[in-house]
Amino acid sequence: MVHKRRDFLITFTILCLAMCACSGFQYLGSAFYGLVWHRIHGLGSGGARLLSGLFDSPWTGVLVQYIFSIGVPFLLVIPMTCFVRSDRRPVHTLPAEVWMSALFMCLGLGYIFNFLGVFLDVFISMFTGVPATDMNPVMKKGERTKKAPLPFTTSTLQQEASKALNFPISKTMRIAQQLYEGVDIKGQGTVGIITYLRTDSVRISEEADEAARAFISESYGEKYLSDGEGSKKSNAKIQDAHEAIRPTDINRIPSEIKESLSRDQFRLYQLIWKRFAASRMANAKYETTTVNIAAGDYTFRVSTSKVAFDGFMLAYTEADDEKQEKQVLLKSIDKDTKLKLEEFDPKQHFTQPPAHYTEASLVKTLEELGIGRPSTYSPTITTIIARRYITKENKNLYVTEIGSVVNSIMKESFPTIVDEHFTANMESLLDSVAEGHLNWKTVVANFYPDLEEAVEAAEKDLEKITIEDEVTDEICEVCGRNMVIKYGPHGKFLACPGFPECRNTKPYYEKIGVACPKCGKDVVIKMTRKGRRYYGCIDYPECDFMSWGRPVEKKCPRCGGYMVEKGNKLACADEHCGYTEAKEKETE
């Protein structure tokens with residue numbers, strides 16, 4: 001009987017020692033430390049202030065936790081040592097039932113301590129208003145790596161040029177075509193300075209890769225060289241017929257040939273050059289800091305990061321990264337820092353509807369869905385804008401009335417064709433034809449009969465839909481009717497609805513809702529002969545007001561002149577004044 005009891009105590013003690021880091025003991029230590037911390041801070045004597053300084057140290061809390069997590073089991077080791085010395089038997093020869101009973105007893109004791117720790121934590125929270133386990137900010141530091149970007153494909157070039165340079169898709173492709181066909185470089189003649197611009201591959205030739213690495217090593221240093229070539233997930237839809245878009249010679253630095261390029265050519269070439277150079281450089285590394293701050297019944301989290309090694313960011317930073325707000329801790333903070341509430345800014349956020357497509361996001365979606373090829377993204381968007389199915393306002397694309405009607409008719413009459421998967425499936429079949437795995441006559445024979453039948457049915461059943469012209473408040477000087485908006489080869493114009501009896505027409509100017517600073521009449525949007533937008537008075541030529549920036553109603557508080565929009569700011573139109581302020585966000 002004595003031996004069994006001694007065997008049980010030995011086994012129980014060993015298991016307790018194995019659970020020395022048990023969360024129950026640590027929780028109990030944290031609760032005990034928190035209780036003592038508050039009791040000491042509630043006293044006012046000199047000795048209490050001395051103890052307060054001791055308990056404010058973060059090492060004191062850690063020491064108390066380890067006393068409970070290691071010290072308590074250590075007290076149980078003493079009888080184990082005595083029994084083992086008198087018995088001299090190996091511990092592993094003890095019966096299985098002894099091990100099992102000791103295990104259950106040890107687990108039960110752990111849960112008891114855990115329950116006591118939680119109970120004390122709740123009691124301290126009710127007594128002090130602050131959780132005992134969250135007396136001080138808890139800090140966590142780490143490291144984050146940002147991978148170098150891949151070289152441009154057609155779609156990524158279009159997206160990045162739209163974000164960083166504010167280029168429409170058509171303009172990006174037009175300028176890229178000029179750079180590919182060749183520009184007159186001083187001392188070199190007409191030279192193509194980028195590779196083929198219609199590609200879906202990120203592959204780079206070995207010769208170009210070696211040249212880029214040699215340039216980076218010489219210009220930036222060995223530590224900025226990447227360990228290996230960046231990779232992208234393989235996609236069966238990628239044709240990989242051409243290299244990624246890159247400069248034909250990386251030693252042709254943008255700043256050195258700037259005089260030979262137009263402003264837009266230089267900006268696009270610089271974007272392509274920087275992206276390619278960055279793709280051969282090392283990853284950037286960030287030091288991250290996360291601070292959990294306890295305040296009453298709530299815990300607030302602050303996360304920040306700073307660049308530890310800039311890597312590829314020395315040469316190139318994406319447009320999205322540049323717009324991100326920098327979160328920086330203004331002062332150093334540690335576990336025993338005392339924080340003071342300066343301001344509380346309550347905000348309520350509601351679920352927002354999906355954002356409107358931009359040209360960049362539409363290209364990205366087309367690529368993800370497998371619709372089209374690199375050569376078709378730009379013509380597709382240009383065509384639906386030219387046919388007025390969609391309209392573009394402040395980068396956003398909006399469906400027009402005629403676009404909505406046409407889409408409804410097409411979905412009703414041709415549901416299998418007006419489907420996001422149709423184009424992708426058809427291109428997959430055509431790829432099979434090109435590869436010789438499928439006969440083209442089979443593809444046509446399976447598709448055309450159904451299409452012919454759907455077209456014949458649509459011609460019979462579809463009703464004729466008339467879209468009424470938009471009526472304006474502009475009065476026709478000839479007959480007195482309200483003029484309407486018509487569309488011609490060069491865009492909108494005003495026409496009399498009494499045609500053909502009255503053939504009066506006028507240019508259409510879109511009003512921006514701001515009075516002319518000179519004469520007080522409406523400011524409208526106009527276009528130069530080269531298609532550049534500007535703002536002028538509707539009473540031209542009697543009033544010669546003109547501004548490249550969009551005027552606003554607010555007057556400059558410094559000089560009293562009119563102000564214009566410049567990005568996210570409002571600036572005085574008078575350059576000598578120089579006053580600027582942040583633009584207020586529009587609320588719906």
Side-chain angles (χ1 to χ4, degrees), residues 153-159 169-170 172-173 177 196-203 232-242 354 356-392 397-467:
T153 62
T154 301
S155 64
T156 54
L157 174 62
Q158 292 171 347
Q159 294 170 46
I169 303 300
S170 56
T172 300
M173 299 305 291
Q177 183 72 31
Y196 190 58
L197 62 152
R198 296 177 181 89
T199 177
D200 53 8
S201 173
V202 294
R203 175 176 53 84
K232 184 179 180 181
K233 291 183 179 179
S234 60
N235 190 338
K237 299 173 184 176
I238 294 178
Q239 295 178 331
D240 199 25
H242 304 279
H356 286 280
Y357 277 118
T358 62
E359 289 190 357
S361 61
L362 183 56
V363 168
K364 183 178 181 181
T365 304
L366 291 174
E367 184 183 30
E368 290 175 349
L369 296 177
I371 300 174
R373 286 289 186 260
S375 59
T376 63
Y377 297 144
S378 177
T380 299
I381 297 175
T382 303
T383 300
I384 58 178
I385 291 178
R387 293 182 180 178
R388 305 193 307 277
Y389 295 151
I390 62 174
T391 184
K392 183 179 177 182
L397 302 177
Y398 299 91
V399 180
T400 61
E401 184 180 2
I402 186 174
S404 179
V405 170
V406 171
N407 183 59
S408 299
I409 294 174
M410 294 292 291
K411 289 178 68 176
E412 180 182 349
S413 302
F414 309 98
T416 57
I417 296 177
V418 186
D419 180 78
E420 61 185 23
H421 303 295
F422 170 78
T423 305
N425 293 335
M426 179 57 68
E427 288 181 351
S428 177
L429 292 174
L430 295 178
D431 288 340
S432 299
V433 172
E435 294 168 359
H437 302 314
L438 192 63
N439 190 340
W440 69 270
K441 293 182 179 180
T442 304
V443 177
V444 175
N446 291 335
F447 168 71
Y448 187 76
D450 295 335
L451 175 64
E452 184 180 21
E453 182 181 349
V455 170
E456 293 176 354
E459 290 177 345
K460 295 179 181 179
D461 301 336
L462 282 182
E463 58 180 334
K464 187 175 181 180
I465 298 175
T466 302
I467 298 178

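All values reported here derive from a predicted model rather than from experimental measurement. Only heavy atoms go into these numbers, but all of them, side chains included; no hydrogens, no water, no symmetry mates.
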Rounded to the nearest 0.5 Å, what separates atom [atom1] in [X] from atom [atom2] in [Y]?
X      : Y      : atom1 : atom2 : answer
His421 : Leu369 : NE2   : CG    : 7.5 Å
Lys364 : Thr358 : NZ    : OG1   : 10.0 Å
Leu430 : Asn425 : CG    : CG    : 11.0 Å
Phe422 : Ile417 : CZ    : CD1   : 5.0 Å
Asp431 : Leu438 : CG    : CG    : 11.0 Å
Ile371 : Thr380 : CD1   : OG1   : 9.5 Å

If we only count heavy atoms from C-beta on, is the Leu362 to Tyr377 side-chain gap below 4.5 Å?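 No; the side chains remain at least 4.5 Å from each other.
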
Can you find a heavy atom in the side chain of Val363 that is under 4.5 Å from one in the side chain of Ile381?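 Result yes, sub-4.5 Å side-chain heavy-atom pair found.
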
Residue pair [X] / [Y]: nearest heavy atoms and the distance that separates them:
X      : Y      : value
Ser378 : Ser170 : OG-CA, 3.5 Å
Met410 : Val418 : CB-CG2, 3.4 Å
Thr172 : Gln158 : CG2-CA, 4.4 Å
Thr153 : Glu367 : OG1-OE2, 4.4 Å
Leu397 : Glu359 : CD1-N, 4.1 Å

CA sep, side-chain torsions, deciding dist, call: Leu157, Met173, side chain to side chain contact (heavy atoms under 4.5 Å, CB included): CA-CA 9 Å; Leu157 174 62; Met173 299 305 291; 5.6 Å; no

Salt bridge (Lys or Arg N to Asp or Glu O under 4.0 Å) against Lys411, all qualifying residues, sequence neighbours excluded: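 Expected list: none.
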
Identify each donor-acceptor pair in which a side-chain atom of residues 439-451 lies under 3.5 Å from a protein atom, sequence neighbours left out, and give them as a table.
residue: Asn439; atom: OD1; partner: Lys441; partner atom: N; Å: 3.1
residue: Asn446; atom: ND2; partner: Thr442; partner atom: O; Å: 3.1

Sidechain-backbone polar pair: Thr400 side chain, Arg388 backbone, donor-acceptor under 3.5 Å: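 Yes, the answer is positive, given that a donor and an acceptor are paired below the 3.5 Å cut-off.
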
So, the side chain of Ser375 versus the backbone of Arg198: is there a donor-acceptor pair under 3.5 Å, distance only?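 It does not hold such a pair.
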
More than 12 heavy atoms of other residues, nucleotides or ligands under 6.0 Å from CD of Glu453: is that the case?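 No, CD of Glu453 has 12 or fewer neighbouring heavy atoms, counting only those of other groups under 6.0 Å.
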
With a 6.0 Å cut-off (strictly less than), is the heavy-atom count around CZ of Phe414, excluding the residue itself, greater than 12?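 Result for CZ/Phe414: enclosed.
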
